[in-house]
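Quantities reported herein were computed from a predicted structural model and do not represent experimental measurements. Letters A, B, ... are given to chains in the order of the sequence lines, protein chains preceding strands, and every chain is numbered from 1.
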Number of protein chains: 2
Amino acid sequence: MNGSTPQQMRRQFIEAAGQMTQTLGAGRVLGQVFTHIYFSRDPQSLDDLTRALGISKGSASMIVRQLEQWGALRKVWIKGERKDYYEALDHFGRILRRALLEVIGRKMEVGDHLLEEADARMQEAVARSNNDMADWSFLRERVGKIRAFRGRAQRLWDSSILKMLLK
Amino acid sequence: MNGSTPQQMRRQFIEAAGQMTQTLGAGRVLGQVFTHIYFSRDPQSLDDLTRALGISKGSASMIVRQLEQWGALRKVWIKGERKDYYEALDHFGRILRRALLEVIGRKMEVGDHLLEEADARMQEAVARSNNDMADWSFLRERVGKIRAFRGRAQRLWDSSILKMLLK
DNA sequence: TGATACGTTCAATATCAATTGAACGTTCGC
DNA sequence: GCGAACGTTCAATTGATATTGAACGTATCA
């Protein structure tokens with residue numbers, strides 16, 4: 001049977017995590033690297049990663065940096081060793097939070113800016129009271145609903161509940 | 001200046017939404033189609049979509065079905081018309097919820113199953129009390145932390161707070 | 001009934017992002 | 001100072017998946 005030794009089970013987790021992050025659009029090696037380190041008792045070097053996962057050194061380097069920025073990995077110094085070693089942290093809530101903030105936060109900025117600008121321009125247009133009035137007011141109502149939703153989502157994101165429940 | 005007519009502003013929103021869903025990994029036309037319909041006063045047909053957005057009929061058909069399943073669009077019958085027409089709904093919270101459930105929910109099932117299975121197998125192993133004990137207990141502790149987090153995340157997802165705040 | 005207008009499907013293709021690996025700069029030991 | 005061991009970068013490549021469009025089934029109308 002497969003999975004009947006710790007090593008085999010680790011392999012399965014790594015494989016599953018890789019597929020997960022893959023289909024989630026985060027890249028396969030992201031999940032693989034974190035999971036490998038998370039299920040390793042000793043800190044791991046880039047070399048360990050390339051060997052264990054069959055990935056390139058460049059890939060390992062980039063992914064490790066990203067995971068470190070999200071607070072998912074921590075660099076560990078081992079005396080007498082020139083290599084960098086990494087170990088995994090387990091405050092998943094904080095990690096997820098930072099990752100989401102970077103991945104989707106950045107990508108909403110353009111839209112946010114557009115919403116603000118649109119609002120200003122619509123007020124202008126309404127004040128001018130020229131043609132297109134029906135179109136402008138329709139736009140305005142729709143934009144208003146989006147902004148309201150944005151506001152609620154933002155408040156939820158900032159709320160302490162998330163922070164508490166996700167540890 | 002651009003954006004000085006309702007039409008131009010709509011274009012901007014459609015463009016921005018397209019980029020957003022694109023970089024978020026949901027495909028460009030998803031955002032384009034929903035935004036186009038959301039900012040249209042009249043229900044739109046597949047033909048309208050292909051013309052307004054320059055996308056293929058097949059693309060329009062598939063995307064519209066997906067959006068409809070998520071509750072983002074509703075089919076509207078117009079008497080004397082053979083085409084299907086769609087209008088946008090604005091309960092964004094519900095839409096987002098369903099979309100996330102389908103997109104990420106499915107993709108976590110494999111991992112979930114693996115976690116359950118792992119737990120069972122580890123208990124087995126511990127009961128057998130054979131070799132690898134240190135490895136097994138390490139694995140067990142790490143898996144335990146993941147499962148605990150999964151539990152908290154699940155409870156948060158099911159909580160009423162999300163539903164209330166996201167309307 | 002035949003002809004037309006639709007919506008759907010899915011294999012082929014185009015597009016985009018993940019991954020590689022060679023080249024480079026730096027640090028460390030000798 | 002020299003060579004080896006590392007980590008990093010980025011242009012080229014690969015791989016995944018979004019998108020197309022031709023073929024098809026079905027409903028509608030004359």
*asked:* Both K57(B) and M62(B) contact DNA chain C. Which one's nearest nucleotide lies toward the 5' end?
replied: K57(B)
*asked:* Taking any heavy-atom pair under 4.0 Å as a contact, classify D47(A): base, sugar-phosphate, or nothing.
replied: nothing
_Per T23(A) side chain, nearest of listed nucleotides dG7(C), dT8(C), dT17(D)_ = dT17(D)
*asked:* One pair to check against side chain to side chain contact (heavy atoms under 4.5 Å, CB included): E102(B) and W70(B). What are the steps and the verdict?
replied: CA-CA 9 Å; E102(B) 181 175 316; W70(B) 292 348; 3.3 Å; yes
*NA contact type, G27(B), heavy-atom cut-off 4.0 Å: base, sugar-phosphate, or nothing?*
sugar-phosphate
*asked:* When you measure from the side-chain N and O atoms of S61(B) to the phosphate of dG7(C), is any distance below 4.0 Å, counting only OP1 and OP2?
replied: no
*Going by distance alone, is a donor N or O of one side chain under 3.5 Å from an acceptor N or O of the other, for S137(A) and E141(A)?*
no
_N or O in side chain of R28(A) less than 4.0 angstrom from dG15(D) OP1/OP2_ = no
*Do the charged groups of K75(B) and E87(B) touch, with an N to O distance under 4.0 Å?*
no
*Over 60° means perpendicular and under 30° means parallel, so classify the ring planes of F92(A) and F34(A), tilted if in between.*
perpendicular
*Taking CD from Q66(B) and P from dG7(C), how many angstroms apart are they, rounded to a whole number?*
18 Å
*Between R65(A) and K83(A), just flag the one whose closest nucleotide in DNA chain D comes earlier from the 5' side.*
K83(A)
*So, is S56(A) close to the dG21(C) phosphate, meaning a side-chain N or O under 4.0 Å from OP1 or OP2?*
no
*asked:* Rounded to whole Å, please give me the gap between NZ in K107(B) and C1' in dA16(D).
replied: 12 Å
*Under the 3.5 Å rule, do the base of dT27(C) and the side chain of R82(A) count as making a donor-acceptor pair?*
yes
*Atom pair distance, as rounded to whole Å: CG in L24(A) and C1' in dA16(D)*: 14 Å
_Nearest-angstrom distance from the residue atom CD of Q32(A) to C1' of dT19(C)_ = 12 Å
*asked:* Measure CG/D84(A) against C1'/dA5(D) and give the value in whole Å, please.
replied: 12 Å
_Value in whole Å for how far the C1' atom of dG29(C) lies from NZ of K79(A)_ = 19 Å
*asked:* Salt bridge check, R140(B) against D119(B): does any charged N sit closer than 4.0 Å to a carboxylate O?
replied: no
*Counting side-chain heavy atoms from C-beta on, which of dA16(D), dG7(D), dT4(C) comes nearest to Q22(A)?*
dA16(D)
